[in-house]
Amino acid sequence: MPSFNQKIWRLIDKIPAGKVSTYKELARAAGSPNAFRAVGNACSANPNAPKTPCHRVVSSGGKIGGYAHGVERKIRLLASEGIRVADGKVTGFEERLFRYRTL
DNA sequence: CCTGGGGCAGCCG
DNA sequence: ACGGCTGCCCCAG
């Protein structure tokens with residue numbers, strides 16, 4: 001029985017390269033729409049840093065958000081996947097957003 | 001831009 | 001089990 005964190009990590013693993021998701025979306029996909037904050041916690045507590053791509057998780061509206069290993073690193077990782085970040089936001093966020101389910 | 005309030009899992013003590 | 005604190009947050013003002 002996976003804990004909340006496990007569920008979150010599992011969901012994050014499903015995000016394909018070149019796409020991004022948000023804390024809010026993850027919370028919704030995990031079944032707790034208001035647990036977006038706990039999602040952020042799960043990411044920082046993520047045991048496998050690059051393995052589980054928490055760098056593909058941004059804040060709502062496409063804002064870059066934070067990163068335990070430094071936001072700089074996060075931006076670089078995203079850039080290497082073809083995702084550009086300008087002015088603290090993901091360019092073309094709406095199009096690059098990975099949707100888990102169509103409710 | 002900044003502030004305050006809300007809401008939630010995890011980790012102490 | 002219980003209360004208090006923390007955090008890669010969100011939203012309204």
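Chain letters run A, B, ... following the sequence lines, proteins first and then strands; every chain starts at 1. Reckoned from all heavy atoms, side chains included, excluding hydrogens, waters and symmetry mates. None of the values given here were measured: they were computed from a predicted structure.
With rounding to whole Å, A/Lys74 atom NZ is found 10 Å from C/dC8 atom P. Going from atom CD1 of A/Ile64 over to atom C1' of C/dC10 covers 17 Å, rounded to whole Å. Taking atom NZ of A/Lys63 as the reference point, atom C1' of B/dC1 lies 12 Å away to the nearest angstrom. Following rounding to the nearest Å, A/Lys7 (NZ) and B/dC8 (P) show an atom-to-atom distance of 14 Å. Atom CD1 in A/Ile8 sits roughly 10 Å away from atom C1' in B/dA9 (whole-Å rounding). In this structure, A/Leu78 places its CG atom 17 Å from P of C/dC8, rounding to the nearest Å. Here the P atom of nucleotide C/dC9 and the OH atom of A/Tyr67 are 14 Å apart, to the nearest Å. What separates CZ of A/Arg73 from P of C/dC8 is a distance of 16 Å, to the nearest Å.
Comparing A/Thr22 and A/Ala38 along DNA chain C, the residue whose closest nucleotide (by nearest heavy atom) sits nearer the 5' end is A/Ala38.
Here A/Ala68 lies in heavy-atom contact (under 4.0 Å) with a base. Counting any heavy atom pair closer than 4.0 Å across all strands shown, A/Ser59 reaches sugar-phosphate atoms only and no base atom. Contact annotation for A/Lys24: backbone-only contact, meaning every heavy-atom pair under 4.0 Å involves sugar-phosphate atoms and none involves a base.
A/Arg99 and A/Glu25 are not joined by a salt bridge, as no carboxylate oxygen comes within less than 4.0 angstrom of a charged side-chain nitrogen.
The A/Phe4 side chain lies nearest to B/dG10 when the options are C/dC10, B/dG10, B/dC8. Closest to the side chain of A/Phe36, from the set C/dC8, B/dG10, C/dC9, is C/dC9. With C/dC10, B/dC8, C/dG7 as the choices, the nucleotide that has an atom nearest any side-chain atom of A/Asn41 turns out to be C/dG7.
Spacing between C/dC8 and B/dG5 at atom P, rounded to whole Å, works out to 22 Å.
Remark: the backbone N or O of A/Ile64 is paired with a side-chain donor or acceptor of A/Lys74 at under 3.5 angstrom. Side chain of A/Tyr100 to main chain of A/Leu11: a donor-acceptor pair is present (N/O by atom type, distance under 3.5 Å, no hydrogens or angles).
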Could you go through residues 42-51 of chain A and list every donor-acceptor pair under 3.5 Å that involves a side-chain atom there, pairing it with any protein atom two or more places apart or in another chain?
| residue | atom | partner | partner atom | Å |
| --- | --- | --- | --- | --- |
| A/Ser44 | OG | A/Asn41 | O | 2.8 |
| A/Asn46 | OD1 | A/Asn48 | N | 2.8 |
| A/Asn46 | ND2 | A/Asn48 | O | 3.1 |
| A/Asn46 | ND2 | A/Thr52 | O | 3.2 |

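Of the nucleotides present, C/dA12 is the one that pairs with B/dT3 by Watson-Crick or G-U wobble criteria, both distances under 3.5 Å.
Heavy atoms of other residues, nucleotides or ligands lying less than 6.0 angstrom from CZ of A/Arg73 number 12 at most.
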